[in-house]
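Worksheet: one structure, shown below.
So you know, we letter chains A, B, ... as the sequences are listed, proteins then strands, and number each from 1.
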Protein chains: 2
Amino acid sequence: MPPAIEPKDRATSAGSSKAKKAPDGPTPKRNGSAARAPAGRKAQRRHQILSAALAVFSEQGFAAARLDDIAARAGVAKGTLYLYFESKEMLFEELLREAATPMYGRLARIAADPRISGRDAIKRLLDAFRREIVETDARHLVRLLLSEGPRFPALTAFYYREILSRAVPLLRQILERAHERGEIRSRKLLEVPQLVMAPALAALMWEDMFGRFEQLDVETLFNTHADLLTTGEDQ
Amino acid sequence: MPPAIEPKDRATSAGSSKAKKAPDGPTPKRNGSAARAPAGRKAQRRHQILSAALAVFSEQGFAAARLDDIAARAGVAKGTLYLYFESKEMLFEELLREAATPMYGRLARIAADPRISGRDAIKRLLDAFRREIVETDARHLVRLLLSEGPRFPALTAFYYREILSRAVPLLRQILERAHERGEIRSRKLLEVPQLVMAPALAALMWEDMFGRFEQLDVETLFNTHADLLTTGEDQ
DNA sequence: TTTTACTGACTGTCCGGTCAGTCACTATCA
DNA sequence: TGATAGTGACTGACCGGACAGTCAGTAAAA
């Protein structure tokens, strides 16, 4: 249960860093919203920066993203970035690493509960994916991982080791249990549990790339898929 | 100094001067163009460059790719690139544009033949996708489109307009025909034809990102999917 | 005062794009 | 036949702008 960067407080990025030269008169304090609270201050700054980084990286890609932009968006000076992250690379990697696990946690919880039917398990998974990723800014993170992954071998390895190599067996476990109860249509599905999540990836890409031309009916897509995988009342 | 990778096909240029592009009959004299290269030369160079560009762009991404590297890989000088393409952007766009159509053609041919059963149509499509894209270098192109798409709006628009907005109806047409024959399991599939190709995308990404850790059984994945979508002998 | 947090002008490097020059070749002339 | 001139293909050193990363300095906190 890692933080999962949330790009919500976009507003703070507005010109906060330039009021430096303009003496505001009686204002004794710095203009930044984070004035003191030494305790949470550092964590908050860090979050600001990661949040801005997500926005800029997902808009520009890793190479084209400029640290000046990230700093401006976070409302800090460029030098400050280096107080929190070693380099552009490290900032990028930490951004993706910290966002990694929420979906995995969800999957693990479903797999741990044997009372959930196969159909339900699949529907819940896809539904969570839709609500929490496809329909939020988190989808940019997935695209970032997919597109920049090859140039960050350590990152790809991390994802495989920490997420996928665990998620696939969990998925298989769910499917096996369901299969024993006769809830699964094809035995072969046990050999390729990845099929369960395939439409999730496809939906994500469609929305991200072509959503502006034609929205995909993600809910119907996922429901149809779940219905096809499992036995039980169709539509 | 440039090692001049290879003198290329100097030999072939001798002798027959077939560089006849103007079929104006037996032109006695030709003002201009004294040292015109052989007919295929230009196309060949272009292909060399595009080929090198694919390799470098898919390894580095658009922004990080260096034209010096592309030139070196193609065995030409950097300046030569500009004789064939206007800019780095144009080179990139043309690379992706030219790669677009083969799969669409395949789909169109299948859709045009009503004798093919729904199950067969889907299997053929997925099979072609596997053999021609997932298992070749072309898979990098899809990742490139995905990752750089947002920064090349014209390219995304091109793909939607020329490929997707035509492919989805074709797919729907195949599914409708199949549905009338009772070959399709769920009517709802007609609302989201994208589901047919979803595993193709997923397989491609898996292989590209994580294939080095764990190969995906793409054939089983596709067959299972096709079996689940259609009626007919499962096994 | 010392310590901590932050700043932003500056530097060195990198790379897209340019263009004056070379080369291989051919057509025409003597 | 050889000599001369013309052409397009190609080259690669160079230029200028952009940007990651640095650090001396400033401001607030302790």
- Task: Answer with base, sugar-phosphate or nothing: what part of the nucleic acid does A:Tyr84 contact at a heavy-atom distance below 4.0 Å?
- Result: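 The residue A:Tyr84 makes sugar-phosphate contact but no base contact.
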- Query: What does A:Leu83 touch in the nucleic acid at a heavy-atom separation under 4.0 angstrom: a base, only the sugar-phosphate, or nothing?
  - Reply: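 Base, at least one base atom sits under 4.0 Å.
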Nucleotide N/O of nucleotides 13-20 of chain C paired with protein N/O under 3.5 Å:
unit_1: C:dG16; atom_1: OP1; unit_2: B:Ala65; atom_2: O; d: 2.9
unit_1: C:dG16; atom_1: OP1; unit_2: B:Lys88; atom_2: NZ; d: 3.1
unit_1: C:dG16; atom_1: OP2; unit_2: B:Leu67; atom_2: N; d: 2.9
unit_1: C:dG16; atom_1: N7; unit_2: B:Lys78; atom_2: NZ; d: 3.0
unit_1: C:dG17; atom_1: OP2; unit_2: B:Tyr82; atom_2: OH; d: 2.8
unit_1: C:dG17; atom_1: OP2; unit_2: B:Lys88; atom_2: N; d: 3.0
unit_1: C:dG17; atom_1: O5'; unit_2: B:Tyr82; atom_2: OH; d: 3.2
unit_1: C:dG17; atom_1: N7; unit_2: B:Lys78; atom_2: NZ; d: 3.1
unit_1: C:dG17; atom_1: O6; unit_2: B:Lys78; atom_2: NZ; d: 2.7

Presence of salt bridge, [Y] and [X], under 4.0 angstrom:
X	Y	answer
B:Asp127	B:Arg124	no
A:Glu219	A:Arg131	no
A:Glu148	A:Arg151	yes
A:Glu207	A:Arg212	no

Give the rounded distance in Å between these two atoms: [atom1] of [X] and [atom2] of [N].
X	N	atom1	atom2	value
A:Leu81	C:dC6	CG	P	11 Å
B:Gln44	D:dA9	CD	C1'	14 Å
B:Arg45	D:dG8	CZ	C1'	13 Å

- Message: Does any part of the side chain of B:Glu89, heavy atoms only, come nearer than 4.5 Å to the side chain of B:Phe62, both counted from C-beta?
- Response: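 Yes; the side chains approach each other to less than 4.5 Å.
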- Query: How about B:Phe152 and B:Phe158: are their ring centroids closer than 6.0 Å?
  - Reply: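 That pair fails the under 6.0 Å test.
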